[in-house]
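Worksheet for the structure shown next.
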Amino acid sequence: MKVRIDKDTCQGHGQCVMLCPAVFDDDEEGFGVVKSEQVPEEAENACERAEANCPEQAIQITR
Ligand code: SF4
């Protein structure tokens, strides 16, 4: 499973970091960044929750 954030769509709500800190971080301006594009297996559920809860639908998961 891989994940990316569409930087043009992200508005920096930080939900992703809260829900899945293993994969997401925020930059110095509060916008979401992906720490590792390849999602560790144990973080997949949390990553899916982050995708579902991103208010901007900026998170894209590919399998
Ligand atoms: S939850 Fe969505 S909009 Fe908010 S920081 Fe993460 S990717 Fe960006």
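Whatever order the structure lists them in is the order used to number ligands and atoms, beginning at 1.
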Subject >> Closest approach of any protein heavy atom to atom 8 (Fe) of ligand 1, naming residue and atom >> reply: C10 SG, 2.3 Å

Original post:
Which residue holds the protein heavy atom closest to atom 3 (S) of ligand 1, what is that atom called, and what is the gap in Å?
Top reply: Q11 N, 3.4 Å

**OP:** Give the residue and atom name of whichever protein heavy atom lies nearest to atom 5 (S) of ligand 1, and the separation in Å to one decimal.
**Re:** G14 N, 3.3 Å

Original post:
Checking only N/O/S atoms, does H13 have one that is under 2.8 Å from atom 2 (Fe) of ligand 1?
Top reply: no

Subject >> Non-hydrogen side-chain atoms of V23 and P40 separated by less than 4.5 Å >> reply: yes

**OP:** Could you tell me whether atom 8 (Fe) of ligand 1 has an N, O or S atom of C16 under 2.8 Å away?
**Re:** no

Subject >> Nearest heavy atoms of C20 and A43, plus distance in Å >> reply: SG-O, 4.0 Å

Original post:
Can you tell me which residue and heavy atom of the protein come closest to atom 2 (Fe) of ligand 1, and the distance to 0.1 Å?
Top reply: C54 SG, 2.3 Å

Original post:
Which of the numbered atoms in ligand 1 are below 4.0 angstrom from a heavy atom of I59?
Top reply: 7 (S)

**OP:** Count the heavy atoms of every other residue, nucleotide or ligand shown that sit under 6.0 Å from CD of Q11, and state whether that count exceeds 12.
**Re:** yes

**OP:** Determine whether Q15 and P55 make a side-chain contact, defined as any pair of heavy atoms from C-beta on separated by less than 4.5 Å.
**Re:** yes

Original post:
Should F24 and L19 count as side-chain neighbours, where that means a heavy-atom distance under 4.5 Å?
Top reply: no

Original post:
With no hydrogens and no angle check, is any side-chain donor or acceptor of Q38 less than 3.5 Å from a backbone partner on M1?
Top reply: yes

Subject >> Atom indices of ligand 1, in the order listed, that fall short of 4.0 Å to a heavy atom of E56 >> reply: 3 (S)

**OP:** Taking only heavy atoms of G32 into account, list the atoms of ligand 1 that are under 4.0 Å away from them.
**Re:** 5 (S)

Subject >> Validation row: V3, E51 side chains within 4.5 angstrom (heavy atoms) >> reply: no

